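A quick write-up on the structure given underneath.
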Amino acid sequence: VSQDELKALVGQAALQYVVQGEVVGVGTGSTVNKFIEALAGIRDRIPGAVSSSDASTERLRAAGIRVFDANEVGELAVYIDGADEIDGAGHMIKGGGAALTREKIIAAQSRRFICIADESKRVEVLGRFPLPVEVIPMATQAVIRKFAALGGAAQVRQREGRPLVTDNGQHILDVTGLQIRSPLAFESEVNQWPGVVTVGVFAHQKAAVCLLGTAGGVQTLNY
Ligand code: DER
């Protein structure tokens, strides 16, 4: 079974968590793109979606799904999104798609985070995947030094030879060499470093459920 087929499996499986008649929170990435394709099939049973990125917004609109601003809706029943890593408690590393800030905003506005991932994302300890951190450009070197003090090597994410600029106009650091054994404490610590917009550890907004695509089918992990 290819990784792409595993993503389609979990994207389809996530439909069972969509509450009919309610706006759906939608994340970003290749697995979420499979969910958006599946969501198109039931678009007449939902008023629309709140999106975590310009990329997902484009795909939702192309699928005929109305996109609301986060400020136009109240609390959402579910937020469906992927992850770069997910540990045994539902804590995640996210931000591979550079959308971590809006993803965390919508996750915080949703009652349940339903993570959809292929089995390659399941880890014991977070940190093998380079940790994304959205930063105000002025603070880049200061934040790089703070990570170095923790044994992390941070570098500015480049796109076409220059720093990637996020939907929010900021830069992204990717940090290697970390083993994040206390995700809640780590997220709280880094969140309050001056210049950090969002750290890609989702512990305060962890998943309630993970639909894990495996060769043997979809595993439903509850946290
Ligand atoms: O950027 C993100 O947070 C994405 O959700 C990422 O973590 C998962 O992307 P993928 O489904 O393309 O692997």
Side-chain angles (χ1 to χ4, degrees), residues 1-15 17 24-39 49-60 70 78-87 90-110 112-123 126-135 157-159 164-168 170-176 178 180 183 187 190 196-214 218-219 221:
V1 184
S2 73
Q3 195 182 35
D4 194 60
E5 284 163 332
L6 294 181
K7 293 181 179 187
L9 258 180
V10 293
Q12 182 69 31
L15 287 184
Y17 290 87
V24 187
V26 176
T28 295
S30 61
T31 311
V32 162
N33 292 344
K34 299 291 188 187
F35 169 66
I36 293 173
E37 286 172 27
L39 195 62
V50 174
S51 170
S52 59
S53 64
D54 296 347
S56 289
T57 294
E58 275 172 44
R59 286 177 180 265
L60 285 160
V78 290
Y79 178 64
I80 314 283
D81 198 357
D84 294 303
E85 286 185 341
I86 183 163
D87 72 8
H91 304 129
M92 296 165 281
I93 284 190
K94 289 177 56 52
L100 64 163
T101 294
R102 296 187 185 184
E103 288 173 337
K104 198 176 273 192
I105 290 168
I106 306 171
Q109 194 172 325
S110 305
R112 285 206 301 172
F113 186 138
I114 311 295
C115 179
I116 52 176
D118 66 84
E119 58 193 348
S120 72
K121 308 300 183 63
R122 181 73 182 78
V123 299
L126 297 177
R128 188 160 41 90
F129 185 90
L131 173 66
V133 184
E134 185 159 351
V135 293
R157 190 179 299 182
Q158 302 289 318
R159 183 169 288 172
L164 176 146
V165 178
T166 68
D167 291 349
N168 314 304
Q170 310 307 339
H171 288 174
I172 299 253
L173 295 179
D174 290 303
V175 192
T176 55
L178 298 172
I180 304 167
E187 182 180 10
V190 176
V196 169
V197 176
T198 304
V199 58
V201 171
F202 281 54
H204 292 279
Q205 277 77 37
K206 73 183 186 110
V209 178
C210 178
L211 301 178
L212 195 73
T214 74
V218 175
Q219 275 184 19
L221 307 171

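Along the sequence shown, the residues carry numbers beginning at 1. Since we're looking at a predicted model, the values are computed, not measured. Order of listing sets the numbers, starting from 1, for every ligand and every atom in it.
With rounding to the nearest 0.5 Å, the separation of CG in Leu60 from OG in Ser53 is 8.5 Å. Residue Lys34 holds its NZ atom at 11.5 Å from CG of Asp118, rounded to the nearest 0.5 Å. Atoms CG and CD, from Leu126 and Glu187 in turn, are 10.5 Å apart once rounded to the nearest 0.5 Å.
For the pair Val133/Thr198, no side-chain contact is recorded, criterion being any heavy-atom separation below 4.5 Å from C-beta on.
Ionic pairing of Lys121 and Asp87 is not present here: no N-O contact between side-chain nitrogen and carboxylate oxygen is shorter than 4.0 angstrom.
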Can you list every pair where an N/O of ligand 1 is under 3.5 Å from an N/O on the protein?
from     : atom 1 : to     : atom 2 : distance (Å)
ligand 1 : 1 (O)  : Gly95  : N      : 3.4
ligand 1 : 1 (O)  : Gly96  : N      : 3.2
ligand 1 : 1 (O)  : Gly97  : N      : 2.5
ligand 1 : 3 (O)  : Lys94  : NZ     : 2.8
ligand 1 : 3 (O)  : Gly95  : N      : 2.9
ligand 1 : 3 (O)  : Glu103 : OE1    : 2.9
ligand 1 : 3 (O)  : Glu103 : OE2    : 3.2
ligand 1 : 5 (O)  : Thr28  : O      : 2.7
ligand 1 : 5 (O)  : Asp81  : OD1    : 3.2
ligand 1 : 5 (O)  : Lys94  : NZ     : 3.0
ligand 1 : 7 (O)  : Asp84  : N      : 3.2
ligand 1 : 7 (O)  : Asp84  : OD1    : 3.2
ligand 1 : 7 (O)  : Asp84  : OD2    : 3.0
ligand 1 : 11 (O) : Thr31  : N      : 3.1
ligand 1 : 11 (O) : Thr31  : OG1    : 2.7
ligand 1 : 12 (O) : Ser30  : N      : 2.8
ligand 1 : 12 (O) : Ser30  : OG     : 2.6
ligand 1 : 13 (O) : Lys121 : NZ     : 2.6

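Listed by chain and number, the residues in a side chain to side chain contact (heavy atoms under 4.5 Å, CB included) with Ala108 are Gln205 (sequence neighbours excluded).
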